[in-house]
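Worksheet: the structure to be examined is printed underneath.
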There are 2 protein chains.
Amino acid sequence: MRKAATIRDVAARAGVSVSVVSRVLNGTGPVAPAKRVQVLDAIEALAFRPRAAARQLSQGHSDTIGLLLADLTNPFFARLADRVVAEARSRDLQILLMTTQEDPHLEGQALDTLLDRSVGGMIGTPTGHNVERWEKLSALDIPVVFVDRSIAELDQVDVVSIENIDSAATATRHLLDRGHTRIGIISGPLDTTTGVERVQGYEQALRERGVARDDRLVRPAPFRGDHGADVVAQMLALPEPPTGLVVANTAQVRVVLRMLSQARVEIPDDLSVVVFDDNPWTELIRPPLTAVRQPIDMLALHSVELVHARMRQKLPPAPRRVRVPAEFLERASTARR
Amino acid sequence: MRKAATIRDVAARAGVSVSVVSRVLNGTGPVAPAKRVQVLDAIEALAFRPRAAARQLSQGHSDTIGLLLADLTNPFFARLADRVVAEARSRDLQILLMTTQEDPHLEGQALDTLLDRSVGGMIGTPTGHNVERWEKLSALDIPVVFVDRSIAELDQVDVVSIENIDSAATATRHLLDRGHTRIGIISGPLDTTTGVERVQGYEQALRERGVARDDRLVRPAPFRGDHGADVVAQMLALPEPPTGLVVANTAQVRVVLRMLSQARVEIPDDLSVVVFDDNPWTELIRPPLTAVRQPIDMLALHSVELVHARMRQKLPPAPRRVRVPAEFLERASTARR
DNA sequence: TACAAAACTGGAACCGGTACCACTCTATCA
DNA sequence: TGATAGAGTGGTACCGGTTCCAGTTTTGTA
């Protein structure tokens, strides 16, 4: 097996210097039309492909984006990854994939690795910890975009997410409109922005209608594990159990539904349920679920677009906060009380 | 912002040569204990992290594995990606993610890119095309492992998959045992190994029981699109429609179920259904689905282990074919005829 | 026709590691 | 006591691109 051709082989074959070949490759300087053709022919003939590592070494940065997601087992993140990969390809960017499994320690390791690779940019769903390391990435001029969630302390970082407050308020109003006043909400952890904001939206809707907030009906659950199921069970065991439920923690939707099914809680007769995130399986569940659909393709599009623009320094330094509206889908899991 | 430290900075600070630092870093040669400590201290003090690109350039290969999956929207591949990422991390390998969307053209582009990046290895679910490019990777001594599916012509490539024939035979026998003789099967395209093998298993089970094969009940469907639904509809419109159905095409399970639900076909009363691949949502569907569960963690483990071993040239050249057994889960979607 | 500006070209340093090789210094053994 | 193996060390070429800069040619304009 012959060794792969290098830029010097191409230069020799085309009868020009490596500088010219490089300029043809990148369009970074003038090249006479005739020589350009010779170079292109030589590239073709030798099947030359520039080594990414060499370019990266001399330029100091790469066209690879680190994608740090919580958990690919969650269909929301899986579909997000799918779209991000597609958007990246259309911009000739590569995706280095890592997962945190919602574990700050793993997240820390992943961030270190990403630094070594001198990725050109980062898209991530932060666990909420490792603030110093995220800061360090930014300090090294590596563009970072948070998607879905963010970290409040890091207000210099770009964020792309859905309108969490509005969406939660809409979901809650939907239940209020149907006569429910005892409405439970399972949110993400309150040290994540999605957790906090969705609870805010919920509270806002209650306030609008003059319904008092009951602490026992507002419960966060971690993203990992089955804790959400326990929390719902506790709510249902209250003297005055809720008749409506908002599951605002995407990762807990499945376990909550499983628990309700096992406990023979009839939806929507015993309990009206709205879930966050609509995935292709929700419509196969009986009854089909009323859901807040997150526009995943928009989240992916904006995230990639944003890192890409920052990588090319096409954007003023001020941090961007992109908020895309989510769609509310009424199906059969919610009913008049 | 100060520039990041290089190996020469470390050498200077520790009062040694770069060779010594490199040896400390990689354990590639002897270093006096005292100097080792000095070097380690300097690394610590300067927060030095070796640049991956530089190492890759001089070594000619990288510790990055290209992961080329069909489609992250399919929970099977998403969970596979999740496990592959985890296995890779525990071996200090990185994952460069790409998707083919089942499109040979996109797959071709992705393979080209992977070549440029001089990835150290590849794990992929081939579309069945681009044979020359896969061969080229192998010819360049880049270890390739096919997972889930493979390409028959490329018999020199390692493969990790489930026991497709057995699994399909088991699923079919399960229906035969319950008195079904008109059994339909929706397989993957017949130019994929999973498609062919699962049909073989189906036929084998029929033969064992002396049931004649009816061509109209053996239908492949592409992985993309909703074609599987049409095919099932056609089967059900036959003069003698099937009473049992094996959906052996993971990607079509969802659309088939949706169609059955819309057509008000009662499962299992009108039709007993066995599906390939069990994902966390299948048990939430009414009725819970009888399924062939693919041991995704094993598929991931073996794939990564295999590329890793090949990357370190720890394996004899003969191609490995790892076949892991799949589990059969009886639930409520199949019943006696 | 003369001369400045623009287009074009190639040499070579550089990015940050790895690894080969030559050399020094001990320790061991006959 | 001298030969010798082997640990320990540093110098430096090399990997394959990019880019700066100085030098040459072409073009445009007065």
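From a predicted model like this one, the values you see are computed outputs, not experimental measurements. Chain naming here is simple, since letters A, B, ... match the order of the sequence lines and numbering starts at 1 in each. Quick note: numbers below take in every heavy atom, side chains included, and nothing from hydrogens, waters or symmetry partners.
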Kindly confirm or rule out a cation-pi arrangement of B/Arg321 over B/Phe146, judged by NZ or CZ under 6.0 Å from the six-membered ring centre and within 45° of its axis? no
Quick one: what's the B/S/- string for nucleotides 16-29 of chain D, heavy-atom cutoff under 4.0 Å, read 5' to 3'? BBSB----------
Going by heavy atoms in the side chains, are A/Leu137 and A/Leu115 under 4.5 Å from each other? yes
Under 4.0 Å between a side-chain nitrogen and a carboxylate oxygen: does that hold for B/Glu87 and B/Arg91? yes
Give a yes/no verdict on a cation-pi contact between A/Arg149 and A/Phe223, requiring under 6.0 Å between NZ or CZ and the six-membered ring centre and an angle within 45° of the axis. yes
Going 5' to 3' along DNA chain C, which are the first and last nucleotides with any atom under 4.0 Å from a heavy atom of chain B? C/dG16 to C/dA19
Under the criterion side chain to side chain donor-acceptor pair (under 3.5 Å), I'd like the reasoning laid out for B/Thr127 against B/Glu102: C-alpha separation, chi angles, the key distance, then a yes or no. CA-CA 6 Å; B/Thr127 63; B/Glu102 304 287 5; over 6 Å; no
Looking at D/dG10, I'd like to know if its phosphate oxygens (OP1 or OP2) sit under 4.0 Å from a side-chain N or O belonging to B/Lys35. yes
I'd like to know if B/Asp71 and B/Arg224 make a salt bridge, using a cut-off of under 4.0 Å between side-chain N and carboxylate O. yes
Is A/Val159 close to A/Val322 at the side-chain level, that is, under 4.5 Å between some pair of heavy atoms? no
Minimum side-chain heavy-atom gap A/Leu299-A/Val324 below 4.5 Å: yes
